[in-house]
Structures are given as C-alpha cells and as structure tokens.
2 protein chains.
Amino acid sequence: MSLKDVAAHAGVSVKTVSNVVNKYQHVTPATREKVQRAIDALGYRPNLTARHLRKGRTGIIALAVPELGNPYFAELAGAVVDAAAAHDYTVLLDHTQGSRERELLVTQGFRARVIDGLILNPLELEAEDLAARTDDAPLVLIGERRYDLPHDHIAIDNIAAARTAVRHLLDLGRRRIAFLGARGDRPSQPSHLRLLGWQAELAASGVTADEALVAPVEGWDRADGAAGMAALLDAGHRPDAVFAYNDLIAIGAMRVMSERGLRVPEDVAVVGFDDLTEGRYGAVTLTTVAPDKQAIARLAVESIVERLAGEGGVGATRRLHPGFALMERESTLGRRPAN
Amino acid sequence: MSLKDVAAHAGVSVKTVSNVVNKYQHVTPATREKVQRAIDALGYRPNLTARHLRKGRTGIIALAVPELGNPYFAELAGAVVDAAAAHDYTVLLDHTQGSRERELLVTQGFRARVIDGLILNPLELEAEDLAARTDDAPLVLIGERRYDLPHDHIAIDNIAAARTAVRHLLDLGRRRIAFLGARGDRPSQPSHLRLLGWQAELAASGVTADEALVAPVEGWDRADGAAGMAALLDAGHRPDAVFAYNDLIAIGAMRVMSERGLRVPEDVAVVGFDDLTEGRYGAVTLTTVAPDKQAIARLAVESIVERLAGEGGVGATRRLHPGFALMERESTLGRRPAN
DNA sequence: GTGAAAGCGCTAACAA
DNA sequence: TTGTTAGCGCTTTCAC
C-alpha cells in the first residue's frame with residue numbers, strides 16, 4: 001500500500017497523488033476527487049518514515065527528564081507535549097533517572113536522525129560532557145544547573161526565586177530559617193543556586209546564616225525530605241522556618257513535623273519550590289515558589305523550532321529566564337477562617 | 001555522512017560497512033578494524049530513519065494517556081517507558097485530555113508507520129470507534145473501561161478491587177459508605193466498574209446501598225473530589241466512610257473534611273484507589289487500592305512486542321488482569337503511635 | 001568474506 | 001496541471 005498503488009488505482013502518476021496528499025494547490029478538482037476516491041477505497045495512509053528519510057525531518061523532539069514519578073517533571077512533560085503539539089511536533093520521552101551516564105547517552109546521538117531536537121533537564125551532567133557532544137540535533141537545556149555552553153538554556157532565575165522565598169519568611173519574623181535540600185558531596189548539584197539565594201537573602205538582611213541549618217538530603221523526593229528533616233531535628237536543631245529545595249522535600253518534612261507534634265506554620269513555617277498541585281490539597285497547603293512551567297516548556301520547544309527553521313544561520317546562544325511567583329499559602333500564613 | 005562516505009574512506013564496499021555497523025559475525029578482524037577507524041574518524045552515526053524505512057520497524061511505540069498532570073498516568077507512563085526500554089523500544093507520548101475526538105485521532109493512523117504499536121488508556125472512546133479503526137499497528141488498551149473488541153486489554157479486576165476496599169470499610173464497622181466519583185450523565189465512564197463493586201459488596205453484606213451516598217464528580221482531580229465531597233455534606237448527608245474513585249478525589253475530599261472539622265478516620269474513614277506516592281505523605285496517610293502499575297506497563301509492552309514478533313499469526317485477543325493490593329493506612333486505621 | 005545493485009515509499013527537480 | 005525520475009541512507013539478496 002503505497003503512493004504507487006493509489007496512483008495505479010486512480011490512473012494518475014505518483015506525483016499527482018503526492019500533490020493531493022500534500023494539499024498542493026494546483027490540482028484540478030476533478031483529479032483531486034478521483035485521487036481522493038482511490039485513497040479512500042484503498043485506505044491509504046502515507047508512510048511517514050519514508051517522508052522522514054526524504055525530508056530529513058521527522059517532527060519528533062525528544063524530552064529527557066530524570067523521572068516521571070516526580071510530579072514536577074510529569075507536569076513539565078505534559079506542558080512540553082502540549083507546547084510541541086502547538087508546533088505539530090510529537091514528543092519522544094526518555095528517563096535519565098538522574099544518572100550521568102544516561103544523561104550522556106541521551107545527548108550522544110540518541111535516536112540519531114529520528115529526533116529533530118532534544119530537550120534535556122540534566123541533574124548530573126557536567127559541562128565537559130556536553131562540550132564533547134558530536135550529535136548535531138539542536139539541544140536545549142532546562143532546569144537549574146548553570147553551564148557555560150553553546151546551547152540555549154531555559155531556567156527561571158533560581159537565586160532570585162530563592163531570595164523571594166527567604167524574604168517572605170523573614171518578613172513573617174522568622175530568623176532561624178533552615179535550608180533543606182543541600183547535597184554536601186556534590187557542589188554543582190541543582191540545589192546549589194537555591195542555597196546561594198538563601199545565603200544571599202539572609203546576608204542582605206543582616207541575619208546570620210547558621211550553617212548548621214543547611215540540612216542535606218539524599219535525593220529529591222518526599223522520603224528524602226522526611227529523612228533530612230528528621231535528621232535535623234534529631235541533631236537538636238530547632239528552626240522556626242524551613243525553605244525546602246522543592247515541594248516534595250517540603251511535604252516529606254511536614255509529615256515528619258506532624259508526627260513529632262510540631263505545628264506548621266505556628267512552630268515552623270515552610271516554603272517549597274515548584275508549585276505542585278499536590279501542595280494545594282494537603283491538610284496544610286504549601287507556600288511555594290511557582291516557576292512558570294508552561295513558559296519553560298514553550299520556550300524550550302520554540303528554541304528548537306527556531307534553530308531548525310534558521311537554515312544554517314544559527315543565532316547566538318540564549319539564556320532565557322521565564323517568570324516565577326511566590327504562592328503564599330497556609331504553611332506560612334496559617335489557615336484562614338473558612339468562608 | 002552516510003555508509004557510502006565511510007565505505008569510501010575505508011576503501012571497502014557499503015555492504016562491508018553495514019556488516020560492521022550491525023555486528024555481523026563473518027568479517028575479518030582486519031577489515032572490521034579498518035572500517036571502525038573510518039567510522040570513528042568521520043564520526044559516523046547510522047541514519048535510523050533510513051533503517052526504519054528499509055526494515056518497516058522503528059522501535060517506537062506510542063503511549064496515549066489522558067494527561068500527565070494526573071500522577072497516576074505519570075507514574076504509569078514512567079513504568080511504560082522503563083518496560084519499553086527493556087525491549088529496546090522508545091516511547092512516543094501523547095495526550096488525549098480525556099477527549100473522545102483526540103482518543104479517536106490517536107487510534108486512527110497516528111504517526112502511521114513510525115510507531116510500531118500503540119498503548120492507549122481511553123476514557124471516552126466507545127466500542128464502535130475502535131471497531132472502525134483501520135490502522136494495523138497493534139493496539140493494546142489499558143485501564144478500567146470494558147470493551148468487547150479484538151484488542152488486548154490490560155486492566156486489574158476493578159470490581160474485585162472495589163469490593164476489597166468496601167469490605168475493608170465494612171470490617172471496620174462502617175455502614176454508611178459513600179461512593180465518591182460517579183458520573184451520572186455518562187454510564188459507561190471508567191468509574192462504573194468501581195461503583196458496581198461498591199454495590200456488590202454492600203449487597204453481599206446485607207447492607208442497604210443508600211443511593212444518596214453515590215456522589216457525583218465533574219472530573220477526576222483533587223478539585224473535583226473536594227467539590228463532590230462538599231456537595232455531599234451540603235446536602236446534609238453524613239457518611240461514616242468514603243470510597244473514592246481514585247486517590248486524587250480522596251485527597252480533595254479529605255481536604256474539605258479537614259476544613260469542616262471532620263476527623264479522618266474517626267468521623268469518616270477514607271479509601272482511595274491508585275496508590276499514588278502522594279497519598280503516603282499527607283497529614284493522614286491514605287488507605288488505597290494499589291494496582292500493580294509495573295505489571296500493567298510490562299504486560300502492555302509485551303503484548304505489542306509479541307504481536308509484532310508473531311509474523312502474521314496473530315494470537316487470540318487477551319484480557320489480562322494484573323494484581324492489586326489494599327494498602328491499609330491512617331485514613332482507615334488511624335495514626336499508630338510513632339515508633 | 002566482500003561487492004554490486006535493487007528497492008523500502010516518499011518528495012522535488014525537471015520535463016512535458 | 002501532471003508525469004518521469006533521481007535519490008534520501010539503509011539492508012539484503014545474489015554473485016563472486
């Protein structure tokens with residue numbers, strides 16, 4: 001079942017069938033009709049792989065995130081799928097599980113020539129890994145890592161966002177503000193910029209940054225936040241606020257506080273990061289920094305689309321910073337009277 | 001940059017390069033070495049679209065779920081990506097947004113010939129839509145709808161699972177058990193089977209099923225659960241337990257109860273469905289029915305792989321029922337003393 | 001063990 | 001407006 005069969009059935013040439021299939025303007029209505037009937041009769045569908053080979057484009061972009069079990073990446077992936085669809089692109093999805101090796105693999109000729117471009121949210125990848133990349137499909141990075149590389153990079157201003165969160169806690173009168181989400185062993189980890197923001201805002205306010213309140217975590221999920229918070233409390237520290245690397249960690253921490261009879265926000269105010277829907281429905285809704293996920297997704301897709309359209313004349317590398325907003329909820333403000 | 005270039009560079013034929021690339025056994029070490037050097041020198045990577053065209057297979061399967069913002073589908077998608085990777089398949093992802101039209105579109109020649117098979121979790125699709133399908137890529141359905149169609153269908157036994165949940169509540173002495181998640185207007189909706197299970201288990205236990213306790217929702221998210229629960233309470237009903245269609249609805253309902261001073265589980269016990277990680281970290285952890293998502297994903301992928309392997313000789317259509325388990329947590333048992 | 005050549009289905013020059 | 005044909009890069013008979 002190919003163009004040739006349809007052509008034979010309709011008594012025209014393949015070119016004519018191709019013209020009809022591709023909605024080429026200059027086809028007489030009669031021919032068009034005749035061809036269309038043949039198409040319907042045979043149930044013809046164009047073989048897209050052949051088209052891809054011929055055109056050198058597939059309309060597929062790959063998205064590689066650490067894992068979909070993390071709602072932030074799931075929501076982001078959903079946004080990317082939608083943004084891609086708006087440009088008639090489809091998304092090929094891959095997991096990196098936060099493994100440097102898998103991140104490397106995905107940047108190095110992953111599905112070569114079948115993906116037109118790649119959107120990657122790296123966790124472990126180092127600049128030199130990326131510098132060694134040979135694949136020529138456009139690559140755009142998203143997320144909080146900072147690289148100095150010739151690839152577009154989409155990320156909100158993490159330092160400013162973190163400062164906003166800490167500022168909010170300071171404004172509420174909190175002074176012993178813990179940062180929950182450090183990775184002591186890996187200085188270039190994603191959380192680094194947010195830690196810098198925490199330090200900067202405390203410094204700017206003349207509050208001493210107690211390094212004992214920089215609490216490490218083993219990962220980025222709820223269980224890690226719970227363990228990190230438990231360790232902090234077990235060490236005898238008593239913060240009056242927690243700025244967590246992300247919402248999942250904040251949620252894990254709140255669970256631990258609840259188990260230990262600490263009230264949020266009366267005893268400990270909590271701010272997260274990501275604005276997961278999940279944070280809006282807990283017993284205590286979560287104050288959080290909301291990155292504009294739609295914008296991140298849109299900008300990432302547009303970056304690829306533009307580089308593909310720019311026939312060879314590649315523009316300069318861009319650092320784009322979508323907006324963010326602080327969502328003030330019960331974990332800092334307390335519960336308002338039901339209305 | 002193609003096989004031909006490499007062949008020229010190495011001074012051999014295209015066939016020989018192809019043999020090396022495809023790890024064909026009978027190549028003399030000397031030739032292999034020579035070719036490999038040329039490959040490295042030129043940075044050659046096979047053009048997969050050409051290979052796809054030639055072989056008629058792409059190694060890509062499509063997964064269509066309603067939306068990734070729902071953690072159940074996100075977790076499932078993650079499991080599918082992993083299950084596919086185990087068979088050297090990659091996943092192309094699409095959203096249907098629970099729209100019948102989009103579900104239809106995806107079953108009808110979506111990316112024809114570029115996807116080897118399709119895994120679909122339908123919400124709105126009707127049997128006749130599927131019966132009219134012409135695309136010949138293997139299609140496997142997942143999820144709780146019941147069809148009588150010549151496609152493999154992977155789903156846990158929803159009626160049995162629902163009965164287990166209701167049984168648990170009855171065992172705890174609850175008698176006014178609400179079902180939160182009906183869609184009155186659409187009898188063939190996914191929640192139907194779980195409603196049937198609710199009815200069956202009550203009947204089997206000689207408890208009168210109070211139809212007033214069958215509460216409708218407008219959708220499947222937390223906000224819908226909250227609204228549905230609020231409406232139930234506003235109507236003056238006082239259930240002593242809630243069996244929710246899914247965890248998100250249960251979580252929304254619990255939030256409303258918390259706002260209204262109802263204690264879970266003392267006043268109202270709650271059971272959800274899906275075993276989202278989210279349910280394990282709330283102030284009150286959620287008792288829930290846990291479908292075996294890994295198994296669902298694995299079986300779905302295997303179904304496609306097997307049909308693809310079965311050269312024409314297509315086996316009989318299968319209805320597969322992966323297992324499930326009731327996870328008993330605080331929303332029915334209450335909080336145990338911290339240990 | 002290696003080479004020559006056909007052909008997967010499509011698009012796009014170029015011709016008519 | 002429509003037809004002819006080359007060729008995208010690969011795999012795969014079939015020779016040698």
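Numbered from 1 within each chain, the chains take letters A, B, ... in sequence-line order. Quick caveat: nothing in here was measured; it's all calculated off a predicted structure. Values below: all heavy atoms of this structure, side chains included; hydrogens, waters and symmetry mates excluded.
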Does the pair B/D135/B/R113 count as a salt bridge with the N-to-O cut at 4.0 Å? no

Nucleotide interval of DNA chain C bounded by contacts with chain B (heavy-atom cut-off, under 4.0 Å): C/dG1 to C/dG9

Here's a test of your reading of the structure: between A/R51 and B/A50, which maps to the more 5' nucleotide of DNA chain C? B/A50

In Å and rounded to the nearest 0.5 Å, what is the OH to CD distance from A/Y147 to A/E128? 9.5 Å

Hey, what do you get for CG (B/L104) to CG (B/D129), rounding to the nearest 0.5 Å? 4.0 Å

Is it the case that over 12 heavy atoms from other parts of the model lie below 6.0 angstrom from the CG atom of B/D40? yes

Quick one: side chains of residues 79-91 of chain A, donor-acceptor pairs under 3.5 Å with protein atoms, not counting sequence neighbours, listed by atom name and distance.
from  : atom 1 : to     : atom 2 : distance (Å)
A/D82 : OD1    : B/H95  : ND1    : 3.0
A/T90 : OG1    : B/R111 : NE     : 2.9
A/T90 : OG1    : B/R111 : NH2    : 2.7

Only one of B/E126, B/E103, B/E124 passes salt bridge (charged side-chain N to carboxylate O under 4.0 Å, His left out) with B/R145, and that residue is B/E126

Counting only heavy atoms not in A/D148 (residues, nucleotides, ligands), do more than 12 fall under 6.0 Å from its CG? no

I'd like the 5' and 3' limits of the part of DNA chain D contacted by chain B, with heavy-atom contacts below 4.0 Å. D/dG9 to D/dT13

Per the side-chain contact (heavy atoms from CB on, under 4.5 Å) rule, which among A/L139, A/V140, A/T107 passes with A/H151? A/L139

Compute the angle between the rotation axes at the two ends of the helix from C/dG1-D/dC16 to C/dA16-D/dT1, each taken over five pairs, rounded to 10 degrees. 40°

Inspect the surroundings of CZ in B/R146 and state if more than 12 heavy atoms from other residues, nucleotides or ligands are less than 6.0 Å away. no

Numerically ordered, the residues 21-39 of chain A set in heavy-atom contact under 4.0 Å with DNA chain C is A/N22

Residues that A/R102 engages under side chain to side chain donor-acceptor pair (under 3.5 Å), provided they are two or more places apart: A/D94

Decide yes or no on salt bridge (charged side-chain N to carboxylate O under 4.0 Å, His left out) for B/E302 and B/R318, but give the supporting numbers first. CA-CA 12 Å; B/E302 283 172 0; B/R318 288 169 301 183; over 6 Å; no

Counting only heavy atoms not in A/E101, do more than 12 fall under 6.0 Å of its CD? no

Between B/L53 and B/N19, the residue closer to the 5' end of DNA chain D by nearest nucleotide is B/L53

Of all heavy-atom pairs between A/D116 and A/G59, which one has the smallest distance, and what is that distance? OD2-N, 2.8 Å

